[in-house]
Amino acid sequence: MVGPAAGVDIMSNTIAIVGRPNVGKSTLFNRLVGQRKAIMDNQSGVTRDRHYGYGDWTGKYYTVIDTGGYVHNSEDIFEGEINKQVKLAIEEADVVLFMVDVDAGLHPLDEEFANVLRRYEGQKPIYLVANKADTNARVHAAGEFYALGLGEGDIFSISSQSGSGTGDLLDAVVSHFEEEGVEEPDAGVPKIAVVGRPNAGKSSFVNLLLGTDRSIVTDIAGTTRDSIQARYNAFGNEFILVDTAGLRRKSKVNEDIEFYSVLRAIRAMEESDVCVVMLDATRGIEAQDVNIISLADKNRKGIVILVNKWDLIEDKQTNTAKEFEEKIREKIAPISYPPIVFISVLNKQRVHKAIETAIEVYHNKMKKVPTSQLNEVMLAEIEKYPPPATKGKLVRIKYATQLPTHNPVFAFFCNLPQYVKESYTRFLENRLRENFDFTGVPIGIIFRKK
């Protein structure tokens with residue numbers, strides 16, 4: 001595990017939804033958490049990684065894990081990794097929901113997966129959930145699944161699409177929870193989203209930090225589809241790491257699933273506090289990287305730029321990193337505030353530094369400068385270099401204060417706010433950064449009439 005006191009939060013009241021592909025696991029997951037968090041599609045194999053959400057029933061809060069469809073001897077190159085994620089989810093869970101499809105009937109993969117689950121019988125409750133039972137005929141047809149010889153008592157016939165039968169299922173599930181659980185355990189915990197183009201190494205970076213295969217990693221671009229969240233502790237701080245799908249140019253997004261993956265990644269970015277933007281050193285900074293950084297800046301997020309695969313750059317000289325950094329800063333101008341860290345996830349080089357920098361940026365984003373200290377420093381800077389006169393008008397700045405906003409925003413009170421030039425605004429921003437260290441954070445400056 002990487003980082004001091006690194007680790008994943010251990011959850012109580014955890015439900016895992018498992019089964020073969022395309023039986024409706026993600027639809028049930030979305031119903032149990034009360035929002036459309038998982039991507040759903042008629043194409044099997046949409047969900048690959050373990051995906052977490054939270055919900056409550058009769059006063060008890062729980063965590064739900066959505067999993068990829070369990071397959072065997074298929075042509076799916078992700079088969080082994082998906083099955084590993086499924087087994088990890090079962091081991092994490094307090095209650096397992098084994099979902100089957102009434103419409104399709106008993107399937108050989110159901111029987112095979114039932115054999116996998118038998119080794120957990122007696123260790124934790126396993127419920128057999130027959131989905132798509134939205135007519136009386138289909139409810140009766142669910143009886144054929146008794147042949148699996150698995151599960152606690154009766155089969156629960158439900159329709160995850162309409163919600164029919166899910167109340168009875170939840171009544172049974174929460175009866176196993178001794179604790180009430182925690183409502184929205186992630187509320188108020190800082191979020192760090194790892195974003196970038198496909199195949200830059202985002203999932204490998206998150207897995208290395210967590211010390212576990214939280215996301216499936218392959219050399220194929222687009223392996224991660226949903227945004228995957230995990231608790232993490234490092235350097236005395238607890239926060240949420242969010243692994244996201246790779247963001248391609250719009251013209252390259254050519255399937256519905258990838259379209260929704262991109263939307264999820266953008267939403268994860270919008271909901272985060274800090275965006276760790278990962279570049280591939282072997283490809284340099286490309287137009288899409290600049291677009292991603294600009295999007296994070298537009299959303300007023302803290303930004304850290306990681307240049308991954310630095311180990312693959314051959315013939316490195318003393319100034320190679322400096323020249324590479326200069327090219328990045330030239331491309332992303334006028335955005336000048338993000339720190340740049342060169343790393344190798346493969347060789348575990350400077351990964352500590354990367355996450356430590358992200359935490360520092362978060363603290364800079366939350367920083368509040370006392371009004372007395374702000375005025376003592378900034379009025380002295382203004383006295384040394386006052387605003388230039390415009391149309392013969394002299395601008396006199398009287399005092400400044402930081403506004404109570406989620407991002408650092410400073411109000412400067414003066415006699416003629418409309419005559420302050422943009423170049424002077426940049427001067428004030430630079431002095432604020434120089435004196436109070438707002439590395440990695442966008443700063444807002446407004447002028448108000450005194």
Side-chain angles (χ1 to χ4, degrees), residues 1-4 6-8 47-52 67-68 76-89 191-234 239-248 258 261-262 264-265 268-269 272 274-286 288-289 292-293 303-313 324 340-359:
M1 223 167 260
V2 174
V8 184
T47 303
R48 290 172 177 165
D49 304 292
R50 308 198 308 287
H51 192 204
Y52 293 76
T67 64
D76 189 340
I77 59 168
F78 297 105
E79 177 192 306
E81 289 297 326
I82 291 172
N83 291 350
K84 186 164 70 172
Q85 295 286 326
V86 171
K87 289 174 181 175
L88 285 169
K191 282 189 178 179
I192 298 177
V194 184
V195 298
R197 284 185 288 107
N199 222 25
K202 300 181 296 297
S203 294
S204 298
F205 175 71
V206 171
N207 285 346
L208 178 60
L209 290 172
L210 297 176
T212 182
D213 292 337
R214 184 64 180 80
S215 302
I216 294 173
V217 177
T218 73
D219 291 332
I220 297 171
T223 299
T224 302
R225 286 174 167 174
D226 263 314
S227 296
I228 309 299
Q229 298 190 12
R231 284 285 189 102
Y232 183 73
N233 292 283
F239 52 93
I240 296 164
L241 275 174
V242 187
D243 181 19
T244 64
L247 292 167
R248 300 178 192 260
E258 187 174 356
S261 297
V262 169
R264 293 289 199 279
M269 180 187 289
S272 70
V274 177
C275 291
V276 172
V277 183
M278 188 164 284
L279 312 185
D280 182 336
T282 63
R283 295 175 62 176
I285 182 164
E286 298 180 333
Q288 183 63 353
D289 297 314
I292 292 167
I293 292 165
I303 302 175
V304 179
I305 298 173
L306 299 188
V307 182
N308 188 27
K309 307 182 186 179
W310 192 239
D311 55 301
L312 299 181
I313 301 299
F324 203 103
I340 299 172
V341 183
F342 294 83
I343 70 169
S344 167
V345 173
L346 183 65
N347 293 340
K348 303 180 182 179
Q349 292 174 342
R350 294 172 66 78
V351 176
H352 284 160
K353 178 66 177 175
I355 203 65
E356 188 176 17
T357 302
I359 293 169

Distance check, rounded to the nearest 0.5 Å: Ile303 atom CD1 versus Ile292 atom CD1? 11.0 Å

Rounded to the nearest 0.5 Å, what separates atom CG in Leu209 from atom OG in Ser204? 11.0 Å

Can you tell me how the ring of Trp310 sits relative to the ring of Phe342, calling it parallel under 30°, perpendicular over 60° and tilted otherwise? tilted

So CD1 of Ile293 and CD1 of Ile285: to nearest 0.5 Å the spacing works out to 4.5 Å

Residues Val345 and Val351: closest non-hydrogen pair is CA-CG2, 4.5 Å

Spatial distance of atom OG1 (Thr282) from atom CD1 (Ile313) [nearest 0.5 Å]: 6.5 Å

Roughly how far, to the nearest 0.5 Å, is CZ of Phe205 from CG of Leu241? 7.0 Å

Let me confirm one number: the CE-CG distance from Met278 to Leu306, rounded to the nearest 0.5 Å. 4.5 Å

What pair of heavy atoms forms the shortest contact from Asp311 to Ser344, and how long is it? OD1-OG, 2.8 Å

State, to 0.1 Å, how close Ala358 and Ile192 come at their nearest heavy-atom pair, and which atoms those are. CB-CD1, 4.0 Å

For the backbone of Ala200 and the side chain of Asn308, can you confirm whether one donor and one acceptor N or O come within less than 3.5 Å of each other? yes

Which heavy-atom pair separates Ala354 from Ile343 by the least distance, and what is that distance? CB-CG2, 4.1 Å

Do Leu312 and Leu346 come within less than 4.5 Å of each other through their side chains, counting heavy atoms only? no

Looking at every heavy atom in both Val307 and Ala281, which two are closest together, and how far apart are they? CG1-CB, 3.6 Å

Whether Lys202 side chain and Arg197 backbone form a donor-acceptor pair below 3.5 Å: yes

